[in-house]
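First comes the structure, then the notes that go with it.
Per chain, numbering begins at 1; letters A, B, ... match sequence-line order. Note that these values count all heavy atoms, side chains included, but never hydrogens, waters or copies made by symmetry.
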2 protein chains.
Amino acid sequence: MALQNKHFQKRDAILKCLCSTDTHPSADWIYEQLRQQDANISLATVYRNLALFKKQGLIQSIATVNGVERFDGNTAPHVHFICTGCDAVQDLSNIQVPQELCSTAGKTAGARIEGCQLSFTGLCGNCQKS
Amino acid sequence: MALQNKHFQKRDAILKCLCSTDTHPSADWIYEQLRQQDANISLATVYRNLALFKKQGLIQSIATVNGVERFDGNTAPHVHFICTGCDAVQDLSNIQVPQELCSTAGKTAGARIEGCQLSFTGLCGNCQKS
DNA sequence: ATGTAAATAAGAATTGTTCTCATTTAGGAG
DNA sequence: CTCCTAAATGAGAACAATTCTTATTTACAT
C-alpha cells in the first residue's frame, strides 16, 4: 500500500469540495457535504481551513448573504448575481468590471486597490413565480 | 406649547442620524451616537427600525464589513471603497456602474435586477503607513 | 378618563463564527 | 521499531452580531 499523506486529509477535502461546486457555498454547506462522505469532520476545521485558504489567496469570500459568509474557489475577479429570495449565488461570466474603473477608484480613494466585487441582486426565475 | 408627535421620536432620530453621516455606519455606531444625545435608546430599536427602513426602501445595506452590517442613507446606486485595515467605507462618487451591465446581468441571470453593488477593497492612505 | 394600536426598553435567545485545549497524526531522529 | 516534535483536528465552550419576547409607554381617538 502506497504511503499516503493523511496529514492534510481534511484540508484537501475542504478545498476540493469548494472548488468543485459553483454554488458559492457557506462553511456549513461544505461541512454537510463532507459529513456525508467522511462522517467525521468538525465544523471548526472547515472554518479554520477556509480562513487559511483565504489568507493564502487560494479562495475568496464573495459576500455575506443573509448573515452567512459565502466562498468561491475562483479567485479571478468576476461578477455575481445574488437572489434575495433563495440566497442562490450565480456567476455572470459574460460581464466584466471595466479595468479603468479600478485605477480610477485607486486614485479617488487614495488607496492601493486589492480587490473588487460587483454583484447584482434581485429575484431569480424560480423565485419570481412564488 | 405646540403639539409634537413623539410617537416616532426614536425612529426619526435613527433615520436622521444615518442620513447625516457619510461613514456608512453599523447599527451599533448609530446606537452609540444616539445614546450621547438621548441617553435612553435601545439597541434593539435601532436594529428594528433599520430593518423597517430597508424594507421601505428608505435606506440600504451596502456590505457586511468584518462581520458587521453597514448601512447607507443614500439609496441611489453608487460605488464604495472599503479599507481592509480600518474598515472605513467611503463613497467613490465619480464612478458609475455602466447602465448596460445591469440589463446584461438581468438577461444572463434570467432575473429581474433590483440592486447592484460595486465595491473596491484595499488599504486606505492612513493604513498603508502603519 | 379610557381604550387602542404602534413604538419602545430591557434583556433573553439565537445563530454564525472563532477560540481553547486535549488528542491524533505524519514524518524524522535515535 | 520507538520516541519526539510540530501541525492538524474534533469537540464543545465562548463570543459577538442580530433577532425575538414581553411588559411598558406613548399618542391619539373615543
query: Should side-chain heavy atoms under 4.5 Å link Ile, Leu, Val, Met, Phe, Trp and Tyr, which residues sit in the same cluster as B/Leu58?
result: B/Ile14, B/Leu15, B/Leu18, B/Trp29, B/Ile30, B/Tyr31, B/Leu34, B/Ile41, B/Leu43, B/Val46, B/Tyr47, B/Leu50, B/Phe53, B/Ile59, B/Phe71
message: Output the rounded distance in Å from OH (A/Tyr31) to C1' (C/dG16).
response: 14 Å
task: Measure the distance from CG on B/Leu15 to P on C/dT8 and round it to the nearest whole Å.
output: 12 Å
- request: Sort and list the pairs that fulfil side-chain hydrogen bond (donor to acceptor under 3.5 Å, both in side chains) and have at least one residue in residues 50-69 of chain B, not counting sequence neighbours.
  value: B/Lys54-B/Glu69, B/Ser61-B/Glu69, B/Asn66-B/Asp87
field: Separation of C/dA9 P from B/Asn40 CG (nearest whole Å)
entry: 6 Å
field: Pairing residues for A/Ser119 by the side chain to side chain donor-acceptor pair (under 3.5 Å) criterion, not counting sequence neighbours
entry: none
message: Please list, in numerical order, the residues of residues 41-58 of chain B that have a heavy atom closer than 4.0 Å to any atom of DNA chain C.
response: B/Ile41, B/Ser42, B/Ala44, B/Thr45, B/Arg48, B/Asn49
- prompt: Would you say A/His24's side chain and A/Val89's backbone share a donor-acceptor pair under 3.5 angstrom?
  reply: yes
field: Presence of B/Lys10 side-chain N/O under 4.0 Å of D/dT26 phosphate oxygens OP1/OP2
entry: no
field: Pairing residues for A/Thr21 by the side chain to side chain donor-acceptor pair (under 3.5 Å) criterion, not counting sequence neighbours
entry: A/Thr23
task: Find the distance B/Arg11:CZ to C/dT8:C1' and express it as a whole number of Å.
output: 10 Å
message: Suppose we screen for side-chain contact (heavy atoms from CB on, under 4.5 Å). Which residues come up paired with A/Pro77, at least two apart in sequence or across chains?
response: none
query: CD of A/Gln9 versus P of D/dA8: gap in Å, rounded?
result: 14 Å
- request: Would you kindly give the CG-to-P distance between B/Asp12 and D/dT26, to the nearest whole Å?
  value: 17 Å
- prompt: Starting at CG of A/Asp28 and ending at P of C/dT15, how long is that distance when rounded to a whole Å?
  reply: 12 Å
Please output the side-chain donor-acceptor pairs of residues 95-106 of chain A that fall under 3.5 Å, not counting sequence neighbours, one pair per line with the distance.
| residue | atom | partner | partner atom | Å |
| --- | --- | --- | --- | --- |
| A/Ser103 | OG | A/Glu100 | O | 3.1 |
| A/Thr104 | OG1 | A/Glu100 | O | 2.8 |

message: Using a strict heavy-atom distance below 4.0 Å, which residues from residues 62-71 of chain A are in contact with DNA chain C?
response: A/Gly67, A/Val68, A/Glu69
message: Just verifying a value: how many Å separate A/Cys17 SG and A/Gln37 CD, rounded to the nearest 0.5 Å?
response: 6.5 Å
Let me check something: any side-chain donor-acceptor pairs from residues 121-130 of chain B under 3.5 Å, sequence neighbours excluded? List them with distances.
| residue | atom | partner | partner atom | Å |
| --- | --- | --- | --- | --- |
| B/Thr121 | OG1 | A/Gly115 | N | 3.4 |
| B/Gln128 | NE2 | B/Leu123 | O | 2.9 |

- prompt: Rounded to whole angstrom units, what separation is found between the CG atom of B/Leu34 and the C1' atom of C/dA9?
  reply: 14 Å
